[in-house]
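Please read the structure below before turning to the comments.
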Amino acid sequence: MDSSAAARPHPLEIIDVIEEAADAVSLVFAHPAEGRLDYSPGQFLTLRVPGMPEDGTRWAPRCYSLSSTPGLDEHLKVTVKRTTGGYASNWLCDNAEPGMILDSLPPSGRFTVRGAADRLVLLAAGSGITPVMSILRATLASSATPVTLVYANRDRDAVIFHAAIAALADEHGDRLSVTHWLESDRGLPDSAGLASLLPTPTGTTSAYVCGPAAFMDCAAAAAAAIGIDEGRIHRESFSSLTGDPFATHAPEPGADEASAPPDGAATVTVDLHGDTTVLTWPREHVLLDALLDRGLDAPYVCREGNCGGCAFTLRSGEVHMIVNDTLDDHELGNGIRLACQSLPRTDEVAVEFH
Ligand SMILES: Cc1cc2nc3c(=O)[nH]c(=O)nc-3n(C[C@H](O)[C@H](O)[C@H](O)COP(=O)(O)OP(=O)(O)OC[C@H]3O[C@@H](n4cnc5c(N)ncnc54)[C@H](O)[C@@H]3O)c2cc1C
């Protein structure tokens, strides 16, 4: 199934709800009736969580990483941990039940394993284990790559997937090393302590880091301290969306190629879903808006430069990104850019969405 059309929601039926830990549940979804959703380990769904009747909000859009692994799991699974004072996480933990249908945008995100890595270092805290678990299981099942997992939690009761991680460590003891960092025993994680648990890296060792911002800072510092190349340290930030990616974006009336281009507009050649379109790109509009204004079904989720859901490859020309909180130097070097943040820098630009 075409999973790149991020603006197109799929109704997903919950077929199971699993208590994973003190404050976390997994929601298991059947694939949509119209076809299975393709995804890569580490990607996320964007769910439309029913809104609070008291404030009249119709829904809260929230991203949840897939903890299931493509090729290994029949169904889609996300794992939600309660956020203190948060709306959607608590609503899902309290109300989700089999038979409930939630709309979801197609899987998205760039926190995935790309390219060869001769060793993986996985550093997770709390709900940050969710995409990491998918990456871990996929790696163990499909390669001989050695993996080091360090997983931080408040205490033993807060550990998500405890039994599943123990089973993996038993099965792959020759190449999987697991350390649980429990605050109740060791205090808060710090970079020196985390670094002491990590292996000596080789040239292509890659680190994947997910958890609260403070944890990610010291985990990334630990990975850098043992010598992992900065371009191979990947982070996934968990934050709530402020915009609504489910809102439909009406094309601008009369915005077609027959209209006169605005003064000084750039021209962009876009490869999207296998079709090539040439259109004018007003200089003050980000690429995503220029595409949606023309009625093109470009992918996006957060529209804030955070999630990577609108990433494209720059084939020629130059763009300026206003915000980039997700792409690393390696990706930038390979021409990856964010459509929700890109303004044209040259008169002619060519881009390709995957
Ligand atoms: C790519 C991605 C993947 C993610 N994957 C996961 C996952 O696998 N599992 C998971 O559990 N989460 C995940 N998240 C986080 C998830 O999307 C939500 O952000 C999280 O569940 C909290 O949402 P919430 O509605 O419960 O909290 P919110 O209602 O958004 O509140 C968040 C915090 O802000 C505070 N707050 C809310 N409103 C106000 C206000 N007006 N003033 C001051 N403070 C306020 C709340 O008290 C709370 O502490 C992911 C996020 C992203 C971007």
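Both counts, for ligands and for their atoms, begin at 1 and track the order of listing.
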Does the pair R114/E331 count as a salt bridge with the N-to-O cut at 4.0 Å?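 Counted as a salt bridge, because a side-chain N and a carboxylate O are separated by less than 4.0 Å.
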Test: R283 and D347 ion pair at under 4.0 Å: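 Counted as a salt bridge, because a side-chain N and a carboxylate O are separated by less than 4.0 Å.
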Neighbouring protein residues of ligand 1 - any heavy atom closer than 4.0 Å: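 Shell around ligand 1 (4.0 Å, heavy atoms): F44, R62, C63, Y64, S65, T79, V80, K81, T83, T84, G85, G86, Y87, A88, S89, S127, T130, E236, S237, F238, S239, S240.
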Picking from V132, T130, I135, what satisfies side-chain contact (heavy atoms from CB on, under 4.5 Å) with S65?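 Single pass found, and it is T130.
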For the residue pair S68 / H75, report whether a side-chain donor-acceptor contact shorter than 3.5 Å exists.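 There is no such pair between these side chains.
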For E230, I'd like to know if atom CD has over 12 heavy atoms of other residues, nucleotides or ligands within 6.0 Å.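 At most 12 heavy atoms, drawn from other residues, nucleotides or ligands, come within 6.0 Å of this atom.
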Heavy-atom pair with the smallest gap, counting every atom of S26 and T79: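 So the two residues come closest at OG-OG1, 2.8 Å.
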